[in-house]
2 protein chains.
Amino acid sequence: MTDRSYSSIIEQLRNANLRPTRQRMGLGRLLFSGDQQRHITADQLHLEAENAGLSVSLATVYNTLHQFCEAGLLREVVVDPGRSYFDTNTGSHHHFFNVERGELTDIPAELINVASLPSPPLGTQIDRVDIVVRVRND
Amino acid sequence: MTDRSYSSIIEQLRNANLRPTRQRMGLGRLLFSGDQQRHITADQLHLEAENAGLSVSLATVYNTLHQFCEAGLLREVVVDPGRSYFDTNTGSHHHFFNVERGELTDIPAELINVASLPSPPLGTQIDRVDIVVRVRND
DNA sequence: TGTCAAGTTTAGAATATTTCTAAAATATTC
DNA sequence: GAATATTTTAGAAATATTCTAAACTTGACA
C-alpha cells in the first residue's frame, strides 16, 4: 500500500464530508491500494469491483469518482472523446496516451520543460497545463 | 477568404478522392471562408449550416468532418469528455481552453517551448504533442 | 445525352457514456 | 433505538456519435 492506506482513505473522506460507506471504501481500496498509479474509466472500475466481489452500481461508481475528484484524491484526464479516465496520480504530471490501446502512462512534470507560456486570454486565469503525448505502436 | 479558396477546396477534395458535392462544398465554405481559425463541434456546424440555408443532415456533418480530418483539412481536438472539437488550423499549435465557456483559442507552436520530451513507452512512436492550457474566467 | 456503376446522403435506429430521478437502504446523531 | 440526513440504486433520460440500408447524386463512357 502507498501512503494512502485504509485509515488514510477514511480520513480523507471525512475531510471531504463523505461518509465512509462500504462502496466508497471498496472503490478506494481498488483504486489506491496498489503500488502503481492507475488510469481507469468508470466502466473498467465497475467491472473490477464486480470481479473483486464488491457489489456496487455503475451510478455509484460515477458518483464516487466525481466525489473523489472533488476531494482531491483523483484527477480526471481528457484524452478520448466520449470516455473519461480517472488518474490516481494527483500531483503535477503529464501523459503518454497510446491511441491504439487507449492506454495512459504518466510523465513526471520535471521530465517536460515548458518554457514561456503566453499569457491567457483577457479575463481568464490559467487553471492548469495538460500535455498529452499521443503515441502509436510501431 | 484565406488561401483555401473555393477552387482550392475542390482541389483538396479531389486529392482526397472525395467528390465535391453540394454538402461538402457548403460545409467547406462555412469552415474555411473566414479569415479566422475556427474551433467548432459537429452540432454547432450543423446549426450554422441550417442558418445559412444549407440543407445537410447531422450524419453528413459527422462524415464530412471526419473525411476532412483524414484529408488534412481539419484536425480533431480533444479537450472535453463527450464532445469533439474540429480545428481549421492544421499547423503545429496548441490551445487555451476556457473550461467555463467551452471556448478554444490557438497558441502558436513557437510561443510554447517544450524542451526535453522523455522517450515514449517501448514499442511506440510519438504521433503528436498536444498542450491544453485550461483557463477559467476571473 | 442517357445509362450505369460507384460514391454520397439521409432518416432513423443503434450504441456508448454519462447524468438524472425518486424510492429504498444505510449511516449518523441524539 | 428513533429520527434525520446521506447514500445507493435501478432504471429512465440525456447526450454525442456511429451505423444501416434505402434513395439520391455524381462521374465515366458509350
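Below, read A as the first sequence line, B as the second, and so on, with proteins coming before strands; counting in each chain starts at 1. Quick caveat: nothing in here was measured; it's all calculated off a predicted structure.
The neighbour count for A/E100 CD, taken as heavy atoms of other residues, nucleotides or ligands under 6.0 Å away, is above 12.
Among the atoms of the strands shown, none is found under 4.0 Å from any heavy atom of B/T64.
Atom CG in A/L13 sits roughly 15 Å away from atom C1' in D/dT8 (whole-Å rounding). If you take CG of B/D80 and C1' of C/dT18, they are 13 Å apart, rounded to a whole angstrom. Following rounding to the nearest Å, A/F68 (CZ) and D/dT7 (C1') show an atom-to-atom distance of 13 Å. Remark: P of C/dT19 and CG of A/L65 are 10 Å apart, rounded to the nearest angstrom.
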- List the steps, then state whether side-chain contact (heavy atoms from CB on, under 4.5 Å) holds for A/L30 with A/L45. CA-CA 8 Å; A/L30 288 175; A/L45 181 58; 4.2 Å; yes

- Could you walk me through whether B/R128 and B/R75 pass the side-chain contact (heavy atoms from CB on, under 4.5 Å) test, one step at a time? CA-CA 12 Å; B/R128 73 183 212 212; B/R75 170 169 151 178; 3.9 Å; yes

- Task: List the steps and the verdict of side-chain contact (heavy atoms from CB on, under 4.5 Å) for B/H95 and B/H39.
- Result: CA-CA 10 Å; B/H95 294 101; B/H39 304 91; 3.5 Å; yes

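Side-chain contact annotation: A/E76 with A/S84, donor-acceptor N/O pair under 3.5 Å present. Side-chain contact annotation: A/Q23 with A/T60, donor-acceptor N/O pair under 3.5 Å absent.
The hydrophobic cluster containing B/L54 also contains B/L13, counting ILVMFWY residues as joined when their side-chain heavy atoms lie under 4.5 angstrom apart, directly or transitively.
What you find for A/V129 and A/H94 is that their closest heavy atoms are O-CE1, 3.2 Å. Pairing each heavy atom of B/L58 with each of B/A42, the nearest pair is CD1-O, 4.2 Å.
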- Task: State the dot-bracket string of DNA chain C. Criteria: Watson-Crick or G-U wobble, both atom distances under 3.5 angstrom; notation: ( ) intrastrand, [ ] crossing earlier pairs, | interstrand, . unpaired.
- Result: ||||||||||||||||||||||||||||||

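Salt bridge annotation for B/R136-A/D127: present, with a cationic side-chain nitrogen under 4.0 angstrom from a carboxylate oxygen.
Place B/R22 and A/R22 on DNA chain D by their nearest nucleotides, and A/R22 ends up nearer the 5' end.
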Enumerate the protein-to-nucleotides 1-8 of chain C contacts in which both atoms are nitrogen or oxygen and the separation is below 3.5 Å.
from  : atom 1 : to    : atom 2 : distance (Å)
C/dG7 : O4'    : B/R19 : NH1    : 3.3
C/dG7 : O4'    : B/R19 : NH2    : 3.4
C/dT8 : OP1    : B/R19 : N      : 3.1
C/dT8 : OP1    : B/R24 : NH1    : 2.7
C/dT8 : OP1    : B/R24 : NH2    : 3.3

Can you tabulate the close N/O pairs, meaning under 3.5 Å, that link protein atoms to atoms of nucleotides 16-23 of chain D?
from   : atom 1 : to    : atom 2 : distance (Å)
D/dA16 : OP1    : B/R83 : NH1    : 2.5
D/dA16 : O3'    : B/G82 : O      : 3.3
D/dT17 : OP1    : B/S84 : N      : 2.8
D/dT17 : OP2    : B/Y62 : OH     : 2.4
D/dT17 : O5'    : B/Y62 : OH     : 3.1

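Looking at A/I131 and B/D130, their side chains never come closer than 4.5 Å, going by heavy atoms from C-beta outward.
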